[in-house]
Amino acid sequence: MLDGEPRGVPVTSPSPPRPPWQDPPPRNGIQEKQEHMRVIHEAPLAPMTTLGIGGPAAALIELHDPADFPEFVALADTFPGEPVCLGEGSNVLVSDAGCAGAVLRMSTKGVRMAGNTADGRVLVEVQAGHLLADLVATTIAEGLTGMEMLVGIPGTTGATPVQNVGAYGQETADTLVQVTAWDRKLRRMVTMDAAECGLGHRTSVFKRSRRWTLLTLVFALRRSELSAPVTYRTVAAALDVPVGSRVPLDEVAQAVLTVRRSKGMVLGCSGSDDRSVGSVFLSPEISPAQAEGLRARHAPVNRFPDGSTRVSASWLIRQAGFELRRPVVPGVRISSLHYTLVAEEGATAAGFRQAVDMVFQEVLRRTGVRLTSEIDFL
Ligand SMILES: Cc1cc2nc3c(=O)[nH]c(=O)nc-3n(C[C@H](O)[C@H](O)[C@H](O)COP(=O)(O)OP(=O)(O)OC[C@H]3O[C@@H](n4cnc5c(N)ncnc54)[C@H](O)[C@@H]3O)c2cc1C
């Protein structure tokens, strides 16, 4: 736990320059520039999402300096309806009509070392708008293990607890210690420890809730030049090491990136598949009887850290007869590298939802397993 104010020097503030694919999109709306806060009326949201779909926000309020937060909240309250948070838009589907209320965009940046835990882990405090990719790069450069497998995941650090972001054997729950958030119900700032965040498999108390706006996050990481054990066969194969090996942090990160690129899971490297939210569906939890039946069909069935047994959603989608690159509805098709949905010319939010429903129905009919969508619908 943190003992009072975080100590130490800033490690990175602000973030390093973004790669070209992460450049902020041009803003067409009317802009009112405030000192650290930007308000854009009728702001187009599609360019702020990786799917590139959706209508405008009545008002987009962008926070750059955490000190402006009280003003930020007061301003959001002047708009009708519940405000919604937006990070990098890599896990959202914005409706074609857009958002009638205020959209709060977290653009606060900064990482700093905030002391140590009693067991010697290093506490790292991060602003919500800091890109996860930049945070992972910083932790690797600092010789800290705990996040190296999360390399290549787009989005902001503030969004990581929302669905307990994870990949290749690591997830937010492994390292998150506490968050500070604005609690819209209590109308005050709160500090929540990891247990209060209710982190589960791609879920938390924040998922599908508008109650909290996450502002800062504290993670506890171990000093080590070596990674956590490599538990995924594909990553071990890319490294040419046995499963369970620990390798230098930057080497494991490169291997994870190689595997992710081969599936079109790194934005900017997937060409026509880039209008994506990653995996549209969670790997669904299955019963022991279903697991036995699916294993007999050589399905990838795995145990997860929360104790659940799950089958790969992409395997189910393939079994249901969907083919790579094939359109599902106009403007939405299966990716060319992975069994997930991507958008293309002419995509609409209504069409994307329809494609999600069609995949759900067909997987249920052909395999008896119910998929759950991972995306947040704004
Ligand atoms: C190519 C690709 C690969 C991906 N791979 C993975 C993966 O391997 N593992 C994985 O878990 N996810 C993956 N994702 C999904 C996505 O990157 C994560 O969910 C990420 O955390 C979303 O961050 P964001 O900033 O883009 O959030 P957004 O998409 O902007 O928002 C997502 C949700 O979080 C809420 N939110 C955002 N910021 C805050 C805040 N500060 N306070 C409160 N609520 C907030 C939003 O309201 C929304 O409900 C992938 C996506 C893509 C496009």
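On a predicted model such as this, the values are computed, not experimentally measured, just so you know. Atoms within a ligand are numbered from 1 in the order they appear, just like the ligands themselves.
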Residue D119 excluded, over 12 heavy atoms near CG under 6.0 Å: yes
Heavy-atom count check: over 12 atoms from other residues, nucleotides or ligands less than 6.0 Å from R318 CZ? no
With under 30° as parallel and over 60° as perpendicular, where do the rings of F206 and W212 fit, or are they tilted in between? perpendicular
I'd like to know if R202 contacts ligand 1, where contact means a heavy-atom distance under 4.0 Å to any ligand atom. yes
Within the 3.5 Å criterion, strictly below it, is a donor on S204 or N164 matched to an acceptor on the partner's side chain? no
Restricting to heavy atoms, the pick from V342, V256, L378, V92 nearest atom 32 (C) of ligand 1 would be V92
Going by the 4.0 angstrom heavy-atom rule, the piece of V277 near ligand 1 is backbone
Proximal ligand 1 atoms for V165, defined as those under 4.0 Å from one of its heavy atoms: 10 (C), 11 (O), 18 (C), 19 (O), 21 (O)
Note the single closest protein heavy atom to atom 12 (N) of ligand 1, along with its residue, its atom name and the distance in Å. Q163 NE2, 3.2 Å
With nothing but distance in play, are any N or O atoms of N164 less than 3.5 Å from an N or O of ligand 1? no
Protein heavy-atom partner closest to atom 45 (C) of ligand 1 - residue, atom, separation in Å: C85 CB, 3.5 Å
Test salt bridge (charged side-chain N to carboxylate O under 4.0 Å, His left out) on D77 and R187 and set out the steps. CA-CA 11 Å; D77 284 346; R187 310 270 334 141; 2.6 Å; yes
Indicate whether any N or O donor in one side chain lies under 3.5 Å from an N or O acceptor in the other, for S308 and R310. yes
Ligand-residue contact atoms, ligand 1 with A167, heavy atoms, under 4.0 Å: 8 (O)
Closest to atom 1 (C) of ligand 1 among R211, Q170, M265, E374 (heavy-atom distance): M265
If you scan protein heavy atoms around atom 3 (C) of ligand 1, the nearest is R260 NH2, 3.4 Å
Geometry only, no angles: is L214 polar-contacting ligand 1 at N/O separations under 3.5 Å? yes
Run the numbers for me: atoms of ligand 1, each under 4.0 Å from some heavy atom of G87, listed by number. 25 (O), 28 (P), 30 (O), 37 (C)
Test of proximity, T50 against ligand 1: N or O pairs below 3.5 Å: no
D274, I153, V266: member with heavy atom nearest to atom 6 (C) of ligand 1: I153
For the 3.5 Å polar cut-off, considering only N or O atoms, please tell me whether V162 and ligand 1 meet it. no
4.0 Å heavy-atom contact, F206 with ligand 1: no
Inspect the surroundings of CZ in R211 and state if more than 12 heavy atoms from other residues, nucleotides or ligands are less than 6.0 Å away. yes
Do the side-chain N and O atoms of R121 and T145 include a donor-acceptor pair separated by under 3.5 angstrom? no
Just by distance, with hydrogens left out, do T216 and T180 show a side-chain donor and acceptor under 3.5 Å apart? yes
Pair E62-S107, side-chain donor/acceptor within less than 3.5 Å: yes
Between G89, S204, A159, which one has a non-hydrogen atom sitting closest to atom 37 (C) of ligand 1? A159
Numbered in order shown, the ligand 1 atoms found under 4.0 Å of a heavy atom of L86 are 30 (O)
Side chain to side chain donor-acceptor pair (under 3.5 Å) for R333 and S272? Distances and angles first, verdict last. CA-CA 11 Å; R333 62 171 170 80; S272 63; 3.3 Å; yes
When you compare ligand 1 with L267, is there at least one nitrogen or oxygen pair between them that comes in under 3.5 angstrom? no
